[in-house]
Amino acid sequence: MENYFEKEFELRYYDMSQSGEASPTTMLALLEETAADHCHSIDYSLYDLEKQNIGWVLLSGFMEMDRYPVYKEKIIIRTWLSTYSLVKGIRENIIYDENRNVIGRAKGLWLFYDIKRRRPVQVFDTIIERWSVCEEESVIHDIIKKIKPFDFTVEAKEFEVFRFDVDTNKHVNNLRYLQWLLESVPEEIIDNYYLHSIDGRFTGEAQLGETVLSFTEKEESAENTFVHLIKTKNRDVTCALAKTIWKKRIK
C-alpha cells in the first residue's frame, strides 16, 4: 500500500493498567499522537493550525485490540487517510508488534473545524495533496451508523470537567470520555476481561466546570457487550454514546 505514515513507540511503566498491559486510554493516546505527527510531517502541525483557529475534531471511531502491549514492548502504528469529503476525513490505523504481527486496528471520522466560530471548514487543498489517499481500510466497520440510545436504569458515575480535561480545540479530550466510560464498567469485567473493541460517537460538548454522568448497561442480546452514555448533568446534553465488547483475559 502507499501514502501511509508510521511511528514507533516503546511502552512505558506509566502506560500500564493494573493488569500489567497498556490501558485502552494509552492506546487511544498513541493513536492520536501518531495522527498528530502525521500532521506535523506535512508542515501542518496541530499548533500551526491552532494559530489559524483550526483543528481536527473526532466525530466517531472504532478500535479493536487482539491483545495489548506490555511494559517495554515496542509497537508500530501505521496510519493513512482512506477517504475525504469537503470537511471530513476517515483515518485508518493498524497497530503492529515489533515483528510486524497485527495486534490492533482502528479508524476514526475527523472533522476539520473552526475553533473560534465553532463550525466546520473546508479541508485545505494542500493537506489533501500532501497526505493523498489510500482507499484500503484497516478494518471493515461502519463508524457513521448511529448508536441507539439505551434506557439506562443503572446508577451513574459523576465527574467534574476540570481545566486539564479540555484540549487546544476547547473540547473535552477524547481520552477523558474513554476514562469516564471505563470508570462505570462493572469491576468484575475490568478485573477478568479486556476491552476487545469500542465503537463510539461524539455528539455534544461538555463545558468547563460542568458535571457529567457516565452510564454503563449490559446488552442482554450479546455476551460481554455493554452500551454506554455520557451526558451533562444539568443541561442533559448527550456528549458520547458507545458500545464495548470484552473478552476473557487469559492468565
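The basis for the numbers below is simple: all heavy atoms, side chains too, and nothing from hydrogens, waters or symmetry mates.
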Scan side-chain atoms only and decide if [X] and [Y] contain a donor-acceptor pair under the 3.5 Å cut-off.
X    : Y    : value
T79  : N93  : yes
S45  : D48  : yes
R91  : H38  : yes
E183 : S214 : no
E210 : N234 : no
D191 : Q18  : yes
S82  : E92  : yes
S17  : S23  : no
W246 : H196 : no

Quick check: do [X] and [Y] have side-chain heavy atoms less than 4.5 Å from each other?
X    : Y    : value
I115 : I54  : no
V161 : V172 : yes
L111 : L58  : no
Q207 : R235 : yes
T216 : V154 : no
W56  : V123 : yes
H141 : D199 : yes
Y4   : I94  : no

Spell out, yes or no, whether L182 and I245 are grouped together once hydrophobic residues are joined by side-chain heavy atoms under 4.5 Å, including indirect joins.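 L182 does not cluster with I245.
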Hey, any chance F159 and F164 share a hydrophobic cluster, counting ILVMFWY side chains that come within less than 4.5 Å of each other, even indirectly?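 F159 and F164: separate clusters.
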Considering residues, nucleotides and ligands other than [X], do more than 12 of their heavy atoms fall under 6.0 Å from its [atom1]?
X    : atom1 : result
K218 : NZ    : yes
R163 : CZ    : no
K248 : NZ    : yes

If you take all heavy atoms of [X] and [Y], which pair is closest and at what distance?
X    : Y    : value
S132 : L81  : O-CB, 4.1 Å
R119 : R117 : NH2-NH1, 2.9 Å
I198 : L181 : CD1-CD1, 4.0 Å
E158 : L213 : CG-CD2, 3.3 Å
G108 : I143 : C-CD1, 3.7 Å
I147 : A242 : CD1-CA, 3.9 Å

Flag the pair [X] and [Y] as a salt bridge only when some basic side-chain nitrogen lies within less than 4.0 angstrom of an acidic carboxylate oxygen.
X    : Y    : answer
R176 : D165 : yes
K7   : D37  : yes
R105 : E136 : no
K107 : E137 : yes
K72  : E10  : yes

Quick one, V212 with W180, criterion side-chain contact (heavy atoms from CB on, under 4.5 Å). Give me CA distance, side-chain angles, the key distance, then yes/no. CA-CA 9 Å; V212 295; W180 293 334; 3.8 Å; yes
Between Y96 and I75, does a side-chain contact (heavy atoms from CB on, under 4.5 Å) hold up when you go through it step by step? CA-CA 6 Å; Y96 300 95; I75 62 169; over 6 Å; no
Spacing of [X] atom [atom1] and [Y] atom [atom2] [to the nearest 0.5 Å]:
X    : Y    : atom1 : atom2 : result
R249 : R67  : CZ    : CZ    : 13.5 Å
N224 : E219 : CG    : CD    : 11.5 Å
T126 : D43  : OG1   : CG    : 10.0 Å
L178 : L195 : CG    : CG    : 7.0 Å
R118 : N53  : CZ    : CG    : 10.5 Å
Q122 : F112 : CD    : CZ    : 10.0 Å

Quick one: does any side-chain atom of [X] pair with a main-chain N or O of [Y] as donor and acceptor, under 3.5 Å?
X    : Y    : value
T225 : E223 : yes
N3   : V133 : yes
D97  : N99  : yes
N192 : I189 : no
E98  : E73  : no
T203 : T238 : yes
T34  : L30  : yes
T232 : V237 : yes
R130 : C39  : no

Hey, what's the ring geometry for [X] with [Y], parallel, tilted or perpendicular (30° and 60° as the breaks)?
X    : Y    : value
Y194 : Y68  : perpendicular
Y177 : F202 : tilted
Y13  : Y71  : perpendicular
Y113 : H171 : perpendicular

Starting from the C-alpha separation in whole Å, work towards a yes-or-no answer on salt bridge (Lys or Arg N to Asp or Glu O under 4.0 Å) for E6 and R100. CA-CA 12 Å; E6 289 189 343; R100 290 284 172 174; 2.9 Å; yes
Do K51's NZ or CZ and the ring of Y47 fall within the cation-pi criteria of under 6.0 Å and 45°?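 That pair does not qualify as a cation-pi contact.
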Kindly confirm or rule out a cation-pi arrangement of R12 over Y14, judged by NZ or CZ under 6.0 Å from the six-membered ring centre and within 45° of its axis?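 No, R12 and Y14 do not form such a contact.
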Chi angles and distances behind the side-chain contact (heavy atoms from CB on, under 4.5 Å) call for D151, E217: CA-CA 9 Å; D151 184 16; E217 189 99 26; over 6 Å; no
Given the rule in the side-chain contact (heavy atoms from CB on, under 4.5 Å) test, do Y193 and E188 qualify, once you have shown the distances and angles that lead to the verdict? CA-CA 8 Å; Y193 295 77; E188 190 270 337; 3.8 Å; yes
After noting the C-alpha distance and the side-chain angles of F5 and W80, does the key distance pass the ring-ring contact (aromatic ring centres under 6.0 Å, His included) rule? CA-CA 6 Å; F5 175 84; W80 69 95; over 10 Å; no
